Amino acid sequence: MKVIYYQDPRGNFGDELNRWLWPKVFGDAITGFGHHGKETRAEYATEDLLFYGIGTILDDRIPLQPEKIIFGSGFGYGDKLQKLDNARVFFVRGSRTAKVLGLGPDKALTDPAILLRRFFPLVMESDKQHDISFMPHHSSVSGNYWRKACDELGIHYIDPRETDIEMVIREISGSRLVIAEAMHGAIVADTFRVPWIAVSSVAETNNFKWQDWCGTLGLSYAPVRFTPIFPDAGNRPWKKWLNAIKQMMRKRQMASVVKSRYMGRLSEDSLLEAHREEMDRRVQELQDYLKERGRA
């Protein structure tokens, strides 16, 4: 069973969870990893079984052949997956994805990253290493602006491109509050019972996927909006000048969020636990399915 996920050449924590998590959950049933993209669609049509887990990837880049396992993915980019031919859907990220794909409400669960609780304990308050941490969207880290701003504000910076998945999980779970522009920063924080505040400073923020996930845990998505900057000022002095001003505004906005830490969100313990139990059941259901077909 080959795991297919979007592989950003710059690295992205949420997507790379696939490479870390699924071999630990399904063991030798995982035979490899592939990139989700139009350029690989024909290549993967010749595979025996494809697995779609963490990511906003339920779109028309998925090949009609071969058999596919959908285990928690969401919709949110491109054109929707038109046909579920040869697809066994165990669950999708949320009710919005289920509606787009014409699935029943029983197929909407939550993001499978909550399975991380199988492998990491909760961190006691007295053992927390960081008071406040910030994890930006992977598209907004160029120039190290956020890292510098966090250093000046006394905030622990978590790089969304970091390849050491276990370290990132420990940094999130070891925080008292996470300010998250990266959605999986918020998902992992909530999973480990760390209050989080959503912020947005880039056009790449996908409201649909945030709402899809938040809705599964009785939460709403209402990010604090930061001033956007020009991603590439090039050789235009006026853009660089405006960016410098905007960066100062961003820093003040971040400082304001820090002062308003009471805004931190957290899903209800009972609801999260119910989702974890149901996901464990669906993991077992897939394991049984693979055994029946001699693929476990």
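Worth knowing before you read on, the calculation uses all heavy atoms, side chains too, and leaves out hydrogens, waters and symmetry mates. Note that the coordinates shown come from a computational prediction; the quantities given were computed from them, not determined experimentally.
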*With a distance cut-off below 6.0 Å to the six-membered ring centre and an angular limit of 45° from the axis, does R282 pair with F90 as a cation-pi contact?*
no

*Can you check ring pair (Phe, Tyr, Trp, His ring centres under 6.0 Å) on W22 and Y5, steps first, answer last?*
CA-CA 12 Å; W22 299 123; Y5 69 99; over 10 Å; no

*asked:* Hydrophobic cluster membership, with links at side-chain heavy-atom distances under 4.5 Å among I/L/V/M/F/W/Y: are F192 and F119 in one?
replied: yes

*Would you say R261 has more than 12 foreign heavy atoms packed within less than 6.0 Å of its CZ?*
yes

*Is the closest side-chain heavy-atom distance between L177 and V194 below 4.5 Å?*
no

*Test item: side-chain donor near acceptor, Q65 and Y44, under 3.5 Å*: no

*Could you give me the CA-CA distance, side-chain angles and deciding distance for I69 and M1, then say whether side-chain contact (heavy atoms from CB on, under 4.5 Å) is met?*
CA-CA 9 Å; I69 299 294; M1 183 167 68; 4.1 Å; yes

_W146/Y157 under ring pair (Phe, Tyr, Trp, His ring centres under 6.0 Å): CA gap, chis, key distance, verdict_ = CA-CA 8 Å; W146 278 126; Y157 178 82; 8.5 Å; no

*Steps toward salt bridge (Lys or Arg N to Asp or Glu O under 4.0 Å) verdict (D280, R118)*: CA-CA 10 Å; D280 285 343; R118 286 184 167 201; 3.2 Å; yes

_With a 4.5 Å cut-off on side-chain heavy atoms, are H138 and F13 touching?_
no

*asked:* Can you tell whether the side chains of R41 and D60 come within less than 4.0 Å, N to carboxylate O?
replied: no

*CD (E268) with more than 12 external heavy atoms under 6.0 Å*: no

*Just checking, R88 and Y289: is the charged tip under 6.0 Å from the six-membered ring centre and within 45° of the axis?*
yes

*Just by distance, with hydrogens left out, do Q284 and D288 show a side-chain donor and acceptor under 3.5 Å apart?*
yes

_Nearest 0.5 Å, please: how far is CD in Q253 from CZ in F226?_
6.0 Å

*To the nearest 0.5 Å, tell me how far L217 CG sits from I114 CD1.*
7.5 Å

*asked:* To the nearest 0.5 Å, what is the distance between CG on N86 and CD1 on I62?
replied: 12.0 Å

_From N207 atom CG to R96 atom CZ, the distance as rounded to the nearest 0.5 Å_ = 9.0 Å

*asked:* Is it the case that over 12 heavy atoms from other parts of the model lie below 6.0 angstrom from the CD atom of Q129?
replied: no

*Given the rule that I, L, V, M, F, W and Y join up when any side-chain heavy atoms are under 4.5 Å apart, are V123 and I158 in one cluster?*
no

*asked:* Check whether N206 reaches the backbone of Y77 with its side chain - one donor and one acceptor, N or O, closer than 3.5 Å.
replied: no

*Taking T97 for its side chain and R93 for its backbone only, find out whether a donor-acceptor pair lies under 3.5 Å.*
no

*Report yes if the side chains of T163 and E16 come closer than 4.5 Å at any heavy-atom pair, otherwise no.*
no

*Do side-chain atoms of H36 reach the backbone of I57 as a donor and acceptor pair under 3.5 angstrom?*
yes

*What is the minimum heavy-atom distance between L50 and P63, and which atoms define it?*
CD1-CG, 3.8 Å

*May I have the step-by-step check of ring pair (Phe, Tyr, Trp, His ring centres under 6.0 Å) for F26 and F71, ending in yes or no?*
CA-CA 12 Å; F26 296 112; F71 204 80; 5.7 Å; yes

*Which heavy atom of P136 sits nearest a heavy atom of A182, and at what distance?*
O-CB, 3.3 Å

_Under a 3.5 Å distance rule, please check whether D59 uses its side chain to pair with a backbone N or O of G78 as donor and acceptor._
no

_Polar contact flag, side-chain donor to acceptor under 3.5 angstrom, H184-D111_ = yes

*asked:* Using side-chain contact (heavy atoms from CB on, under 4.5 Å), reason through F134 and V258 one step at a time and then give a plain yes or no.
replied: CA-CA 10 Å; F134 172 57; V258 170; over 6 Å; no

_Once rounded to the nearest 0.5 Å, what's the spacing between atom NZ of K107 and atom OG of S95?_
15.5 Å

*If you look at every heavy atom in A113 and I187, which pair is closest and at what distance?*
CB-CG2, 3.8 Å

*Between K24 and W20, is NZ or CZ placed under 6.0 angstrom from the six-membered ring centre and within 45° of the ring axis?*
yes

*Check the hydrophobic clustering (I, L, V, M, F, W, Y; side-chain heavy atoms under 4.5 Å; chains of links allowed) and say if L271 and W196 are grouped together.*
yes

*Please check if atom NZ in K99 has more than 12 non-hydrogen atoms from other residues, nucleotides or ligands closer than 6.0 Å.*
no

*Determine, using the 4.5 Å side-chain heavy-atom cutoff (strictly less than), whether I172 and M124 are members of one ILVMFWY cluster.*
no

*asked:* Using modelled atom types and a 3.5 Å cut-off, is there a donor and acceptor pairing between side-chain atoms of Q7 and backbone atoms of G34?
replied: yes

*Does one hydrophobic cluster hold both L58 and L84, with members joined at side-chain heavy-atom distances below 4.5 Å?*
yes

*Please report the C-alpha distance between S201 and E181 in whole Å, then the side-chain angles of each, then the deciding distance to 0.1 Å, and finally whether the side-chain hydrogen bond (donor to acceptor under 3.5 Å, both in side chains) criterion is met.*
CA-CA 8 Å; S201 70; E181 186 173 40; 2.7 Å; yes

*Apply side-chain hydrogen bond (donor to acceptor under 3.5 Å, both in side chains) to R117 and T191, showing your working.*
CA-CA 7 Å; R117 279 279 295 278; T191 296; over 6 Å; no

*salt bridge (Lys or Arg N to Asp or Glu O under 4.0 Å) between D8 and R161, intermediate numbers included*: CA-CA 9 Å; D8 192 303; R161 303 168 302 178; over 6 Å; no

*Which atom pair, heavy atoms only, marks the closest approach of P112 to M279?*
CA-SD, 3.5 Å

*Would you call L153 and K251 a side-chain contact if the rule is heavy atoms closer than 4.5 Å?*
yes

*Please tell me if the side chains of M183 and W210 come closer than 4.5 Å, counting only heavy atoms from C-beta onward.*
yes

*Is a donor on one side and an acceptor on the other found under 3.5 Å between the side chain of K209 and the backbone of T205?*
no

*Regarding R61 and T40, is there a side-chain donor-to-acceptor distance under 3.5 Å anywhere?*
no

*Under 3.5 Å: donor-acceptor pair, side chain of K128, backbone of S175*: yes

_With a 4.5 Å cut-off on side-chain heavy atoms, are T56 and S73 touching?_
no

*H156 and E171: side-chain donor and acceptor closer than 3.5 Å?*
yes

*Find out whether L266 and D190 are in side-chain contact, i.e. whether some heavy atom of one side chain is under 4.5 Å from a heavy atom of the other.*
yes

*Looking only at atom types and distance, does a side-chain atom of H137 sit under 3.5 Å from a main-chain N or O of S139, one as donor and one as acceptor?*
yes

_R276 and T110 side chains, donor-acceptor separation under 3.5 Å_ = no

_If I compare all heavy atoms of L290 with all of A29, which pair ends up nearest, and what's the gap?_
CD1-CB, 3.9 Å

*Heavy-atom closest pair, residues R225 and S200*: NH1-OG, 3.3 Å

*Can D159 and R147 be counted as an ion pair, charged N to O under 4.0 angstrom?*
yes

*Enter the distance from D15:CG to H35:NE2 here, rounded to the nearest 0.5 Å.*
10.0 Å

*Evaluate the side-chain proximity of I4 to F33: yes if any heavy-atom separation is below 4.5 Å, no if none is.*
no

